[in-house]
Amino acid sequence: MSVIILGIESSCDDTSAAILKDGEILSNCTANQEAHKLYGGVVPEVASRAHQVNIIPVVDMAIKKAGIKKEDINAVAFTRGPGLIGSLIVGVSFAKAFAMSLNIPMIEVNHMQAHVLAHFAENPKPQLPFLCLTVSGGHTQIVLVKDHLDMEVLGETIDDAAGEAFDKTGKLLGLGYPAGPLIDKHAKEGTPRFSFPEPKIPDLNFSFSGLKTSILYFLKKGLKENPNFINENLNDICASVQDRIVSILINKLTKACKQTGIKEVAIAGGVSANSALRQALTDAGQQEGWNTYIPSFQFCTDNAGMIAVTGYYKLQRKEFVGHEVKPIARYAI
Ligand code: KG4
Ligand code: ZN
C-alpha cells in the first residue's frame, strides 16, 4: 500500500508544505515572508503571525499540486525544532489539528536532521556513511551520517553561523536581507583581491565572529580614506568575503574527510545555495577523489520536502508522537 506524508516546516521565516508519496516528492510549496526585509532580519513576532496567515493556503497548494485529496494523506511530519518558538508553534499546532481531523499519526522532525536528509529527496543519493556540511542562517555543522536517523556532529560553530556571516556582512555593506544571495550575485562580478584572516580554531569547529570584526575594521578604514569606498569596490569586497567564508568551510570539510577517511561528501542548508561553495565542493571533490552531493535549490533553503523525507524514515520505524508534543527552540541532532 502507498504511503503519503504531509510535511510542514515553520521553524523560521518560511512557511512550507510538501507531499511525499512512497519516498518521492510530489509537491514542495513555500511562502517566503517579505516583511522581514524592512527590518534587516527576521522579527520573531512578525514571522509567527505570517505563518498563521500562510499555513492553510500553502498546505492547500501542496495538496492540489500533488494531485491528491486531503483524505489520501496517511501521516503528518512537522518541524518540532530547533527554531523560533513562535514560528514553530504555528506549524506544530496546525499539524495537531490536521492529524486529529483525519485521525492519522504525527511524526516530529528535527530541522537540522532534515536539512541533511534533503539529499534523499532526489538522485543521486549519498551512500552511507557520508559527511554533510550543513550551513544555514542559524547553524554551521559537519555531520557524520552513519544512518538516516543516526547522525553525529563532528564540529560546529562556536559563535556565528556561516549564513549569519553573509547576512551581517551584507548589513555592513548596506545590502538587503537576507544578504547571502545578494553577496553571491555581486561576487560574480568581482575579484577576491582583499584578504581577510582565516580563524585559528582547533578541531572541526568553526568561528565567524572574528571575520565579521575584521570586515568592520576594513570597511571603517576604507571609508575614512574614501567615503565612496563601499560603492566603488562592492563587487570585489563581496567576492573577497565570500572567498574567505567558502575557504573556511571547505578547509574544515577536507580535514573532516581526512580524519574519518570518508569520501562521500555533501552540503546542505541555505548557504549550500551559494554558487562559490557549490563550485568549491565540486573542485575539492575532483582533487580529493570524493563523490560530492549538492542539493537542488528548492532543497537548500528551508522547505517542507526535507521534513516529509525525514518523516518517511521515521514512519518506517513507527516513530510517532502524541498530541501532547511541544515545539522546542533548541534541539540537538
Ligand atoms: O537554511 P535556511 O533557509 O534557513 C535557516 O535554517 O537558517 O538558510 C538561510 C541562510 C541565510 O543566512 C541566507 O543569507 C543564506 O542561507 N543563503 C545564502 C545564499 N542563499 C541563502 N548564503 C550565501 N549564498 C547564497 N546564495
Ligand atoms: Zn534551515
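Here, residue 1 is the first one in the sequence, and each next residue gets the next number. Whatever order the structure lists them in is the order used to number ligands and atoms, beginning at 1. Side-chain atoms are counted along with the backbone in the values below, which use heavy atoms only and exclude waters and symmetry mates.
- Using a 4.0 Å cut-off to heavy atoms of G138, the atoms of ligand 1 that qualify are 7 (O).
- For N103, the CG atom is loosely surrounded, since the number of other residues' heavy atoms within 6.0 Å does not exceed 12.
- Ligand-side atoms of ligand 1 in range of S136: 1 (O), 5 (C), 6 (O), 7 (O), 8 (O), range being under 4.0 angstrom from any heavy atom.
- A 4.5 Å side-chain heavy-atom check between D302 and H111 finds at least one atom pair inside the cut-off.
- For ligand 1, the polar-atom distance check against T301 finds no nitrogen or oxygen pair separated by under 3.5 Å.
- For atom 17 (N) of ligand 1, the nearest non-hydrogen atom of the protein is G270 O, 3.5 Å.
- Contact annotation for H115 and ligand 1: only side-chain heavy atoms (C-beta onward) come within less than 4.0 Å of the ligand.
- Expressed to the nearest 0.5 Å, how far CD1 of I245 lies from CD1 of I215 amounts to 6.0 Å.
- At a 4.0 Å heavy-atom cut-off, ligand 1 touches H111 through the side chain alone.
- Assignment of P181 to the shell around ligand 1 is supported, since a heavy atom sits closer than 4.0 Å.
- Residue H139 does not count as close to the Zn ion (ligand 2), with no N, O or S atom under 2.8 Å.
- Per residue D302, closest N, O or S atom to the Zn ion (ligand 2): atom name OD1.
- The shortest N or O to N or O distance between D184 and ligand 1 is below 3.5 Å.
- Every atom of ligand 1 is numbered from 1 in the order shown, and the set under 4.0 Å from a heavy atom of A273 is 20 (N), 26 (N).
- An N or O contact shorter than 3.5 Å is missing between F166 and ligand 1 by distance.
- When each atom of ligand 1 is checked for a heavy atom of G163 under 4.0 Å away, the hits are 12 (O).
- Closest protein heavy atom to atom 10 (C) of ligand 1: G137 N, 3.5 Å.
- H139 places no side-chain N or O within 3.5 Å of a backbone atom of T157 that could act as its donor or acceptor partner.
- Taking backbone and side chain together, H111 holds an N, O or S atom under 2.8 Å from the Zn ion (ligand 2).
- Closest N/O/S atom of H115 to the Zn ion (ligand 2): NE2.
- Across V271, N303, D302, heavy-atom proximity to atom 6 (O) of ligand 1 is greatest for D302.
- The shortest N or O to N or O distance between G180 and ligand 1 is below 3.5 Å.
- Of the residues E108, R80, Q113, the one that meets the side-chain hydrogen bond (donor to acceptor under 3.5 Å, both in side chains) test with Y331 is E108.
- Here the CG-CZ distance, from L249 to F206, works out to 5.5 Å after rounding to the nearest 0.5 Å.
- Ring pair F130/Y293: centre-to-centre distance not below 6.0 Å.
- Taking a 6.0 Å sphere around NZ of K65, one finds it holds 12 or fewer heavy atoms contributed by other residues, nucleotides or ligands.
- For K220, the NZ atom sits in a loose shell: 12 or fewer heavy atoms of surrounding residues, nucleotides or ligands are nearer than 6.0 Å.
- V321 is listed as a side-chain neighbour of F78, based on a closest heavy-atom distance under 4.5 Å.
- With respect to K69 and E71, no salt bridge is recorded, no charged nitrogen being found less than 4.0 Å from a carboxylate O.
- Not a single N or O atom of S275, backbone or side chain, sits closer than 3.5 Å to an N or O atom of ligand 1.
- Contacts with ligand 1 closer than 4.0 Å are made by side-chain heavy atoms of D167 only, the backbone lying farther away.
- Taking all heavy atoms of L182, N274, T30 into account, the minimum distance to atom 23 (C) of ligand 1 is reached by N274.
- Following chains of ILVMFWY side-chain contacts shorter than 4.5 Å, one can reach L175 starting from F194, so the two form part of one hydrophobic cluster.
- For ligand 1, the polar-atom distance check finds no N/O of E164 at less than 3.5 Å from any of the ligand's N/O atoms.
- Checked by distance only, ligand 1 and G269 stay at 3.5 Å or farther apart across all their nitrogen or oxygen atoms.
- A 4.5 Å side-chain heavy-atom check between T310 and V116 finds every atom pair outside the cut-off.
- Formation of a donor-acceptor pair under 3.5 Å by the K96 side chain with backbone atoms of V325 is found in this model.
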